[in-house]
Number of protein chains: 2
Amino acid sequence: MKKKQQNSITQMQELADLAGVSRSTVSRALSDSPLINKKTKEKIRALAKKHNYRVNEKARNFRLQKTNIITVVMMLDIKSEQHMSDPFFLDILGGIADTLSIHNYDLLLAHAPIHNILDLPDSRTFQQSDGVIFVGQGKQHENLNQIAGLDTPIIVWGANIPDKEYSLVASDNVNGGILATNHLIQIGRKKIAFFGDIEQPEIGQRYEGYKNALDKHGLKIDEQLIIDVPFEMHHARETLTQLIESNNKFDAVFCCTDVIALSAIATLNEHGISVPKDVSIVGYDDISMASYSNPPLTTVRQNIRWAGRVLVESILSKINGETIADTIIQSELIVRKSSVYKK
Amino acid sequence: MKKKQQNSITQMQELADLAGVSRSTVSRALSDSPLINKKTKEKIRALAKKHNYRVNEKARNFRLQKTNIITVVMMLDIKSEQHMSDPFFLDILGGIADTLSIHNYDLLLAHAPIHNILDLPDSRTFQQSDGVIFVGQGKQHENLNQIAGLDTPIIVWGANIPDKEYSLVASDNVNGGILATNHLIQIGRKKIAFFGDIEQPEIGQRYEGYKNALDKHGLKIDEQLIIDVPFEMHHARETLTQLIESNNKFDAVFCCTDVIALSAIATLNEHGISVPKDVSIVGYDDISMASYSNPPLTTVRQNIRWAGRVLVESILSKINGETIADTIIQSELIVRKSSVYKK
DNA sequence: CTGTATTTTGCAATCGATTGCAATTGCTAT
DNA sequence: ATAGCAATTGCAATCGATTGCAAAATACAG
């Protein structure tokens, strides 16, 4: 059934024989070693192409003890068994993938034991890759500290936690929280709710920013308006519905992700509450959907492409034995006006 | 700087020496071979754990010529240099990842040369994995046919194209198109536009369904309303704006993805055109955002989790040398009513 | 206790490349 | 022609596991 490939050579030795040189020479020629004479190199290259020879990557990986694979572990532990369905994940993944491919690395998407990442070092996933990028810390800061001591280099995208022992590319979540909250205060809001799971370090820091901003403007924090919302739309809907029905007054919500914010807008609309007339919403992430909601979403944007680049370049440096410094990625507020109805 | 791991053993031989057995026995014990006595096995296992020994996966992969990695290539070639930012990708990726992890496989996310997948066989990406899942065919049906002849097994999620030589898990896109279009006709729409790049086989088949449905109801196709829209929100906005300004009348749009549909809804709203009063919209994919738009989006849902499962199980069968049949995944129409404004 | 069958274990070849070092070839200058 | 040096190429060890087959250990029957 399967067409057999013509003319295919599988062993470097065969190619060496054909070229009338040794295996070493072939190996060097194909890896473009400066030791090999240009003509020899070309001859070997041509022959390789002609006979459809490709080095066996598994042998190569074994010999070099290196795979050119970086594992990306998505850590935001979603409470339900649902998936990482937040488009923000794709954005950051894309940023990482881009830079990886420039450096000729592949991206292994880890999935399995995020409940306890201490299992990771035992997994094939971990062993097969030259380094691991953790996206978010979830609630496993301590475990990350442990893993940081092992042989496989890691780097983490997340919040800056005091006694961390791993390298970090951090978003300035506190500042992001301040930006978002200040905006709401500036447009005259007083009773600003916070939606998000503050146990997640990143979200916790956005919450810090929120508190700072309220403080500075002499607004006090209403515990009733600090609401734990998992990263999923239907949770946001349910939570918000409860809030509305509870009769706790609020005139704005700072949502820790755009997905939650979009869900909030829809839910408010369903309840006949006008956004932004009655309630203002600010999100976080600036996913591409954000500008298409009704009204378009004001949000905090992290420079995710740059983050991806820094994450990759940092982990590669680590792999090369260099010591690296933490990086902080700036955030900015993206203000969107409600769309103008021409009707 | 880096903490050295205590008690760590790196070679199987060392562990064998400690256990007073041979390398073979250790190897067999760790891979749970029935040849090894239970007590011996336990002793070796305990020792391995105690000394923190893990088999070197690179050596293992080399020896077995197998990596337990499946590559997933996202094919919908987006015209801009933007990313796969459609949440639908994440959904299908999630489905695939789930099933892979059950079977103890890892997922390599391919990225690089989707412009011409004929380069893939030369890439590390291809070599490092035991099989490849292509998500969508893009416009590379012929190239897929070629690659199907090579040693690395592949499977494709996409449209059923007559002379294909690769294994396929197909969504019944034609039927999906019919479902969507019938719905619009049934609610009284006559001038139904189609948004999507019909050169993409999957989209082309949805378009077939659209034409069939119109035909059957005696509606004729208006070429002016068949509009090529790339998979990105801002393209959809621009395209739709042009359509509106062109004064071509239409009272419904069948959008080939939800992302386009959501963008369409927003754009229509901006122009003071009421959805669904003036124009009805139907999308495709049922991304989680779909039920949160205003109004909530009626759409066609493909059973993506099942698709992921079938894709994985098929490729694994192929890897094991079994011959496999194509599978068709059913679609269903999800009708959502506009939300009721209580105001 | 011996012979045979059955479990367990070990020997040694093998997977396919890379690379330090030694050997060879090719040049240049004397 | 030859020493001296640089540019090329080849030899052979090595990376760390798996596995077919043979050998040893154990169990069992007579």
Side-chain angles (χ1 to χ4, degrees), chain A residues 8-45 47-48 51-69 104 122-124 126-130 151-152, chain B residues 8-45 47-48 51-69 104 122-124 126-130 151-152:
Chain A
S8 285
I9 269 181
T10 56
Q11 295 237 2
M12 195 173 264
Q13 183 66 63
E14 301 176 46
L15 184 57
D17 294 345
L18 277 168
V21 297
S22 73
R23 235 171 31 253
S24 339
T25 304
V26 173
S27 171
R28 291 190 177 107
L30 294 178
S31 64
D32 205 23
S33 155
L35 285 180
I36 301 296
N37 183 290
K38 202 175 154 201
K39 277 181 200 142
T40 318
K41 225 182 255 185
E42 278 163 7
K43 187 176 74 179
I44 293 176
R45 288 258 174 86
L47 231 42
H51 291 85
N52 225 296
Y53 170 80
R54 292 186 263 272
V55 302
N56 181 316
E57 285 299 329
K58 285 134 190 162
R60 182 168 213 274
N61 289 346
F62 166 54
R63 175 60 229 241
L64 301 176
Q65 285 299 306
K66 185 174 191 332
T67 57
N68 275 45
I69 291 177
N104 197 27
D122 283 316
S123 69
R124 241 185 323 90
F126 210 75
Q127 296 262 313
Q128 305 231 59
S129 61
D130 297 340
D151 289 335
T152 307
Chain B
S8 285
I9 269 181
T10 57
Q11 297 235 0
M12 195 173 264
Q13 183 65 65
E14 301 175 46
L15 185 56
D17 294 345
L18 277 168
V21 298
S22 73
R23 235 172 29 254
S24 341
T25 303
V26 172
S27 172
R28 291 191 177 107
L30 294 178
S31 64
D32 205 22
S33 155
L35 283 179
I36 302 296
N37 180 289
K38 202 175 154 203
K39 276 182 201 141
T40 319
K41 224 182 254 184
E42 278 163 8
K43 186 175 75 178
I44 293 176
R45 288 258 174 87
L47 230 41
H51 291 87
N52 227 295
Y53 169 79
R54 294 185 262 270
V55 300
N56 182 318
E57 285 299 328
K58 286 134 190 164
R60 182 169 212 274
N61 290 345
F62 167 54
R63 177 58 229 243
L64 300 177
Q65 287 299 306
K66 186 174 191 329
T67 57
N68 274 47
I69 290 177
N104 199 25
D122 282 316
S123 68
R124 241 185 323 88
F126 210 74
Q127 296 264 313
Q128 305 232 55
S129 62
D130 298 339
D151 289 334
T152 307

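Everything numeric here is computed off the predicted structure, so don't read it as measured data. Throughout, a chain's letter reflects where its sequence line sits, starting with A, and its residues are numbered from 1.
- End-to-end axis angle of the helix from dC1(C)-dG30(D) to dT30(C)-dA1(D), from C1' rotation axes over five pairs per end: 40° (rounded to 10 degrees).
- In this structure, CZ of Arg63(A) is placed 4 Å from C1' of dT18(C), rounded to the nearest angstrom.
- Here dG16(C) presents its P atom at 17 Å from CD of Gln65(A), a figure rounded to the nearest Å.
- Asn61(B) and Gln128(A) form a side-chain donor-acceptor contact under 3.5 Å, judged by distance and modelled atom types alone.
- By the side-chain hydrogen bond (donor to acceptor under 3.5 Å, both in side chains) test, Ser24(B) is found to be paired with Ser22(B), residues two or more places apart in sequence or in another chain being considered.
- Not one side-chain nitrogen or oxygen of Tyr53(A) sits closer than 4.0 Å to the OP1 or OP2 atom of dG16(C).
- A salt bridge is absent between Asp17(A) and Arg23(A): the closest approach of a Lys/Arg side-chain nitrogen to an acidic carboxylate oxygen does not fall below 4.0 angstrom.
- Counting only N and O atoms by type, the side chains of Gln65(B) and Asn56(A) include a donor and acceptor under 3.5 Å apart.
- One can place CG of Leu30(A) at 8 Å from P of dT18(C), the figure rounded to the nearest angstrom.
- Rounded to whole angstrom, the span from the CZ atom of Arg124(A) across to the P atom of dA17(D) amounts to 16 Å.
- Considering only the side chain of Asn56(B), dA17(D) comes nearest among dA17(D), dC15(D), dT18(C).
- In this structure, Asp17(A) atom CG and dG10(D) atom P are separated by 11 Å, rounded to whole Å.
- For Arg60(B), whose side chain is taken as the heavy atoms from C-beta onward, the closest listed nucleotide among dT18(D), dC15(C), dT19(C) is dT18(D).
- Distance Leu64(B) CG to dA17(D) P: 12 Å, rounded to the nearest Å.
- Across every non-hydrogen atom of Ala19(B) and Ile44(B), the tightest pair is CB-CG1, 4.2 Å.
- Between Arg63(A) atom CZ and Lys58(B) atom NZ the span is 14.0 Å, to the nearest 0.5 Å.
- Between Asp32(B) and Arg45(B) there is a salt bridge, with a side-chain nitrogen of the basic residue lying less than 4.0 Å from a carboxylate oxygen of the acidic one.
- Taking each heavy atom of Asn68(A) and Lys66(A) in turn, the nearest pair found is OD1-NZ, 2.9 Å.
- One atom, CG of Asp32(B), and another, P of dT8(C), lie 13 Å apart when rounded to the nearest Å.
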Look for any protein N or O under 3.5 Å of an N or O in nucleotides 7-9 of chain D and output each such pair with its distance, or none.
residue	atom	partner	partner atom	Å
dT9(D)	OP1	Thr40(A)	OG1	2.7
dT9(D)	OP2	Asn37(A)	N	3.0
dT9(D)	OP2	Thr40(A)	OG1	3.2

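- Nearest heavy-atom pair across Ile36(B) and Ala29(B) is CG1-N, 3.9 Å.
- Between the C1' atom of dC21(D) and the CZ atom of Arg23(B) lies a distance of 16 Å, rounded to the nearest Å.
- Nearest nucleotide to the Ser24(A) side chain, out of dC11(C), dA17(D), dG10(D): dG10(D).
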